[in-house]
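Below: one structure, written as structure tokens.
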Amino acid sequence: MNCEVCQLKELDVEHFEIREVLRFSCNQKGLWCQAVCNLMKLIAGILHTILFHRALGLVRPKDIDLELFEITYVQCGDVELERKIDEKIDQFLDRVEKHPNKKNQICLSFYEVKNKQPTWFTNKVERLYWEQWYINLNVAQHQKGHSGKSTSSKIVVDPEAEERTVRRAALEASLRDVLFQIIRFVNEKKDHIPPIPNLEGVSFPYEITISRFCIWNGNVQEDAPNRASYDAQLTSE
Amino acid sequence: MDLHSYPHGEHGRFEQIFNQFLLKSLHIILDSRVPMNRPPSRGGEIRKSDRWFNLVLGDRPAAMDSLSFWNRSLMEPMVIDIILVQESSYSLSEHDSRSTLATEMPAETVIERWVVQYEHQRSMAPQIGDAFYKKTYKKSIILLRSVYSMLRLLPAYKAFRKQQSFKQNCGFEINYKICSFGSPLLRSEEESMKNYSFIPIDAQQGRLSVSVMYRKDLSDFNLDSCVSHPIEIISDYVGSPLTDPMRAFPCTSSEKGHSISFQTRGRQSAPPSPFQRPHSWSSGLQRELSSQQSQPYSASPPLYRSPYEYSSSPTEAYIQRNQNQRFTANQKAPCDEILSPPFSSSPSPSPPTKSVIPFHNRRHPETAPMSIPHPMIARSPRYLSPNLSDPNRNSLPPLSPRNTKYDSSSHESPSGIRSIRRLDSTRTGEMSNTPTNAGPKLSRDSKEDSGRFSSLLSSSSSPRVGLSRTSSRLSFQDDFGDCDCPFIVDDVDPPDNQTSSNLGARNCSEVSSLAPSTMKKSQDAAVGALVHMLKTAPPLRQESCYYNTQSSKTEFEGEVGAASEFFKPRKASDAFEELKVYRQMKDLLLSKSSAHLVSKEKTEF
């Protein structure tokens, strides 16, 4: 069985170094919280959109608004799924903070369980992956140019606000492109989907892995290069 | 190839999938684009229609009930236009001397066009088999999920959310139109739109495809202005029913109020209810653009007519019919058999048959109302004689065949009706024409008579209607055997049951007073009362002398058995004889009373 791989378009997101957070003013701490929340919601939006197209059992769709980006994505409405995704996102944020200014990848894989005959040494079950999604995030550390003036009552935010607005608009457009890419991929590739083992929640077993190591063009690399992968074919419209 | 009756077999299953796909896609699109007032969803209850494609969407918009999908051909696409209706003001030309006021005309722009269709491909070999249609169904599920997600990413979703939030305070309105063809768009409109086609799904002998043409950018419409709309004072405020409940709010005045306030405020649109919104497929609700000037935004005019017909919630009934015996999935099988469409076991649904009118439904008969003579039995025996000159005679149904055997010369009126006429007439001279035809004699069992009367009284213009009504009515007719009672209606209880409760033990003096009271009741009740009276009335023979006594209540009852004599055919000579008898009785009584008085006086002295 083929394993269809989809490399989603890379997203440039900003993140504050956690070491600097304590030195932030209240306003900047709020911005930091907002940035963290937005990043979490962004990743959750992408994962839920993929899983909504792979949960072929009876679902009651739930619309979730990303207020920052004015984008609405759809969830399955499965509470257990939401909890798992939130856990994975927390793990991702921990890793991002430990390794700032790195390209990171979240991999969502769907597989089939093939029972392998247990031997004396192993009792593993074999997993046959039939679909893999790579969410590529370029988490840039927030350039805080006024760290020395954090105690000042006046915070010069206008240039930063404008820059933030520009970055936000670009991120919103990229996120929308990623969601379109997901829809396109799930429509193009349907024949590889195996028989459904479970109608409850996500119909297929899946796993979410977070790695600093990227799979780029089929090769494992420590850092993803600054170019698009051959797998991710985002056709221009 | 129509969808109104699914053929059996593979093709029927595919047609069912396609039909449900159309409904589901329409439901998704309307839910995501047009704010509609729908009843609150029933919590966690999952409807049968939600199980199709495993997507729970809740209650369908009311507009979908009026779409008759079964009249569609499989080849016709479903084109759904999402139209943005916005006010565009312009001033009248300077040459118009009447008015220079700015007139606001609604501008309608198609911002999205969804096309769902089945592309038939003759060259394609027909795909058959359970595995194939299940695979088609699985792909359809994924496709609908994609459509659902896509609807939230397109620019029109933002407009939908704004209208949903601000409702009347928006500067625009979103309408929709469903057709089987797409109206041609202007070149400028086409250039501003983008096309996206979902990957088609291989179907039985073709492909199931969904495509959308959408406007890339809605910034030209200035949709963000709804929040900052200035608040203006309405000078002609009509008032609120809450503050002034006693004040009437006629429709015209309220509309005028809206229209005036519309002009002063720049824009005001009442959100039309789903039932008021005219659709392109509703032939009776089309409004032209010109009419909108007087009634702005009371409803959006459809631009084109659609071959879809109006009907009253047949779709839902059709779907529920199909899903009453749906295909139950075997969840134990770890394969695609779990994901099976909820087919119905009867693939050829039929519209619901008309319900049989129940026997207890007391509707008035469909024939012309007939006047029932007053049951004035107590006044004179002559009333017991039939009067063939009764003007109402011809309005009564003729004799049943079984009843005509007693008199073949006359077919005009049954004896039962003659009995009624006796109560009304004083012209005994007309007894010469007394028909010798005798209806069923009262010597027969009362059941027959009651059946006869019921056959007479419950007249109907439709023959043999009674045969199909109720079993109790049928039992009456069974008693008649081969009796043909064409004028039976089902709204008359057997006279036994009816009149016995009405009359019971009433005296003749009360009967006369009862007569006008019964006339006030329905005709049926009066007729039943008459029947009972006639049945319980004593005969016109020797025993009928009890009629003139004061306490005839009990005598009425006592004469039930003798009432069988009542309906014997009589001639004028018989009537004269009776008259003589009564006179003799009267003389006798008078003489006795006088003799009694004389003897009493003697004893006193």
Side-chain angles (χ1 to χ4, degrees), chain A residues 45-46 48-67 69-77 112-113 115 131 172-173 175-201 203-205 235-237, chain B residues 28 31-32 41 43-46 50-58 131 134-155 157-158 160-162 194-202 209-210 216 224 329-331 333-340 342:
Chain A
I46 296 172
H48 277 292
T49 300
I50 297 170
L51 289 165
F52 175 66
H53 289 88
R54 290 292 177 255
L56 303 185
L58 190 67
V59 298
R60 191 187 295 268
K62 191 165 79 171
D63 296 342
I64 304 295
D65 297 327
L66 295 173
E67 297 90 2
F69 304 117
E70 288 192 346
I71 290 176
T72 300
Y73 68 91
V74 189
Q75 286 186 5
C76 298
E112 267 188 299
V113 177
N115 292 326
E131 194 172 87
E172 180 180 338
L175 178 60
R176 203 177 290 271
D177 289 340
V178 166
L179 297 179
F180 272 117
Q181 192 181 359
I182 293 170
I183 292 171
R184 205 174 300 118
F185 186 86
V186 297
N187 268 271
E188 288 174 359
K189 313 284 184 182
K190 289 196 193 88
D191 295 327
H192 66 290
I193 299 174
I196 299 169
N198 180 28
L199 275 181
E200 299 295 328
S203 305
F204 308 97
T235 56
S236 59
E237 299 174 356
Chain B
I28 292 171
D31 266 359
S32 309
S41 59
E45 188 178 348
I46 296 174
D50 287 332
R51 295 194 181 272
W52 275 97
F53 308 102
N54 290 334
L55 200 60
V56 180
L57 298 176
K134 286 177 183 174
K135 197 175 179 183
T136 302
Y137 184 65
K138 185 169 74 175
K139 291 181 179 179
S140 304
I141 292 175
I142 299 172
L143 176 56
L144 283 174
R145 303 286 171 96
S146 304
V147 170
Y148 193 95
S149 298
M150 178 68 87
L151 279 161
R152 275 133 188 86
L153 296 177
L154 294 177
Y157 186 71
K158 190 177 170 184
F160 160 73
R161 291 295 296 269
K162 279 207 170 115
K194 206 171 178 181
N195 201 359
Y196 181 81
S197 297
F198 293 86
I199 303 297
I201 298 172
D202 291 332
S209 69
V210 178
K216 292 178 285 188
D224 295 330
N330 180 15
Q331 297 196 0
C335 60
D336 276 342
E337 288 186 357
I338 296 175
L339 201 63
S340 294

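Each chain gets a letter, A, B and so on, in the order its sequence line appears, and its residues count up from 1. Source: prediction; values computed, not measured. The figures that follow rest on heavy atoms only: side chains count, while hydrogens, waters and symmetry mates do not.
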Subject >> Minimum side-chain heavy-atom gap A:Lys190-B:Ile199 below 4.5 Å >> reply: yes

**OP:** Heavy atoms only: give me the nearest B:Val56-A:Pro61 pair and the separation to one decimal.
**Re:** O-CD, 3.2 Å

**OP:** Answer yes or no: is there a side-chain heavy-atom contact under 4.5 Å between B:Leu55 and A:Val59?
**Re:** yes

Original post:
Quick one: does A:Arg176's side chain have a donor or acceptor within less than 3.5 Å of a partner on B:Leu154's backbone?
Top reply: no

**OP:** Against chain B, label A:Ile71 side chain, backbone, both or neither, depending on which of its atoms sit under 4.5 Å from a heavy atom there.
**Re:** side chain

**OP:** Flag the pair A:Tyr73 / B:Ser149 as yes when at least one side-chain heavy-atom distance between them is below 4.5 Å, and no otherwise.
**Re:** no

**OP:** Check whether B:Tyr157 gets within reach of chain A through its side chain, its backbone, both or neither, counting any heavy atom under 4.5 Å.
**Re:** side chain

**OP:** State, to 0.1 Å, how close B:Met150 and A:Phe180 come at their nearest heavy-atom pair, and which atoms those are.
**Re:** SD-CE2, 3.0 Å

**OP:** Select one option (side chain, backbone, both, neither) describing which atoms of A:Val74 are under 4.5 Å from chain B's heavy atoms.
**Re:** side chain

Subject >> Validation row: A:Asp63, B:Tyr148 side chains within 4.5 angstrom (heavy atoms) >> reply: yes

Original post:
With distance as the sole test, does A:Asn187 use its side chain to make a donor-acceptor pair with the main-chain N or O of B:Phe198 at under 3.5 Å?
Top reply: no

**OP:** Any chance you could measure B:Arg145, atom CZ, to A:Ile183, atom CD1, to the nearest 0.5 Å?
**Re:** 13.0 Å

Subject >> CD1-NZ distance between B:Ile142 and A:Lys189, expressed to the nearest 0.5 angstrom >> reply: 13.5 Å

Subject >> CG-CZ distance between A:Asp65 and B:Arg161, expressed to the nearest 0.5 angstrom >> reply: 4.0 Å

Original post:
Between B:Asp50 and A:Arg60, does at least one N-O distance fall below 4.0 Å, as a salt bridge requires?
Top reply: no

Subject >> Heavy-atom closest contact (B:Lys138 atom, A:Pro194 atom, distance) >> reply: NZ-O, 3.6 Å

